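Down below is the structure, laid out as structure tokens.
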2 protein chains.
Amino acid sequence: METFLRSISALNDETRVLLLRFIDTNGECCVCDLQSSLDMIQSRLSRHLKILKDAGFLRVERKGTWAYYSIKTPLERYASETLQEIRVLPITLPPLKKSSDSGVCTL
Amino acid sequence: METFLRSISALNDETRVLLLRFIDTNGECCVCDLQSSLDMIQSRLSRHLKILKDAGFLRVERKGTWAYYSIKTPLERYASETLQEIRVLPITLPPLKKSSDSGVCTL
DNA sequence: TTACTATATCAACATATATTGATTTATATG
DNA sequence: CATATAAATCAATATATGTTGATATAGTAA
């Protein structure tokens, strides 16, 4: 029950569903790419990314001070079903704006 | 997004997951059967049953002053996947106590 | 070391949701 | 009609969660 509710409560927020869809669509993103693309402040993103990671939807890879978030693979069966559901939601995604390309965050 | 989040937020509560599992296991239940079986007060049950119904997990059939709740059929694909997930959660269900058998609620 | 950078965490506040007991509604019955 | 019953809704309160700006942490580089 605990694990199930952790998954569900991670999904129970429009910001996090958008994040999952965005990262699923665009692949691995660092936090500052998400900041520039989704127009969200860093503390807000950090919070939601942690919740999605703790619930088993995302993985993080750290390179120096940078943190790259991507969809965890493999996903649990139900998490995978959920991601499929999120893939077909009629969401208008903002385009990916890479502010990490130069190796320095261009914010 | 709206519909998806309505489903998710309906699931985001231990009481409602328990209700789904209980009704799925025991079949159609009236509110007072749930009161006696789950030891919950009526207003609390009424609230949660409404949320589950509005999210498309339950249906209601009214007979006189009684309301019988059961799992809606057919369920949407994702709702059905979710119910399967709930079926395998390690929950200890209390036994069904029918307080509606005599036609009068024996509370 | 010091300064800088990207991210994480914290504190304060606002909003959303759950619980309870009281009230209301709808239906049935005398 | 008046009364009773089952369920729904409401009002008050408590708890949980999201947002923001400030601060802390960890890594990098001078």
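Computed from a predicted model, the values in this text were never measured in an experiment. Letters A, B, ... are given to chains in the order of the sequence lines, protein chains preceding strands, and every chain is numbered from 1.
When each of D:dT20, C:dA18, C:dA6 is scored by its nearest atom to the side-chain atoms of B:I51, the top-ranked nucleotide is C:dA18. Taking only side-chain atoms of A:C105, from C-beta outward, the nucleotide of D:dA6, D:dG18, C:dA6 with the closest atom is C:dA6. Nearest to the side chain of A:S43, among D:dT19, C:dT7, D:dA22, sits D:dA22. Among the nucleotides D:dG21, C:dA18, D:dA8, the one closest to the side chain of B:R47 is C:dA18. Checked against C:dT7, D:dA7, C:dT9, the side chain of A:C32 finds its nearest nucleotide in C:dT7. Ranking C:dA18, D:dA8, C:dT7 by closeness to the B:D13 side chain, first place goes to C:dA18. Out of D:dA8, D:dT20, C:dT9, the shortest distance to the side chain of B:V31 is found at D:dA8.
Of the two residues near DNA chain C, B:G64 and A:V60, the one whose nearest nucleotide lies more 5' is A:V60.
In this structure, CG of A:N12 is placed 18 Å from P of C:dT15, rounded to the nearest angstrom. Rounded to a whole Å, the CG atom of A:L45 is 13 Å from the C1' atom of C:dA6. Straight-line distance from the CD atom of A:E14 to the P atom of C:dA16: 13 Å, rounded to whole Å. As rounded to whole Å, 5 Å separates atom P of C:dA6 from atom CH2 of A:W66. With rounding to whole Å, B:I41 atom CD1 is found 13 Å from D:dT13 atom C1'. Atoms CZ (A:R6) and P (D:dT17) sit 12 Å apart, rounded to a whole Å. Following rounding to the nearest Å, B:K50 (NZ) and C:dT17 (P) show an atom-to-atom distance of 14 Å. Atom-to-atom, CE of A:M40 to C1' of D:dG18 comes out at 12 Å; the value is rounded to the nearest Å.
One distance of note links CG of A:L52 with CG of A:L58; it measures 5.0 Å at 0.5 Å rounding.
Contact between the side-chain N/O atoms of A:T65 and the OP1/OP2 oxygens of D:dG27 is not found at any separation under 4.0 Å. In terms of phosphate contacts, B:T15 brings a side-chain nitrogen or oxygen within less than 4.0 Å of OP1 or OP2 of C:dT19. Not one side-chain nitrogen or oxygen of A:Y69 sits closer than 4.0 Å to the OP1 or OP2 atom of C:dA6. Here B:R62 does not reach the OP1 or OP2 of D:dA6: none of its side-chain N or O atoms lies under 4.0 Å away. For the OP1/OP2 pair of C:dT17 and a distance below 4.0 Å, the side-chain nitrogens and oxygens of B:H48 include no atom meeting the criterion.
Residue-to-nucleotide contacts include a donor-acceptor pair under 3.5 Å from the side chain of B:Q42 to the base of D:dA8.
With no hydrogens or angles considered, no side-chain donor-acceptor pair links B:Y68 and B:S100 at under 3.5 Å.
Aromatic ring centres of A:Y69 and A:F57 lie farther apart than the 6.0 Å criterion allows.
No path of Ile, Leu, Val, Met, Phe, Trp and Tyr side chains, each step under 4.5 Å between heavy atoms, connects B:L45 with B:I41, placing them in separate hydrophobic clusters. A:L11 and A:L38 fall within a single hydrophobic cluster, where Ile, Leu, Val, Met, Phe, Trp and Tyr are joined by side-chain heavy atoms under 4.5 Å apart, directly or via other members.
The minimum heavy-atom distance linking A:M1 with B:L89 is given by the pair N-CD2, 4.2 Å.
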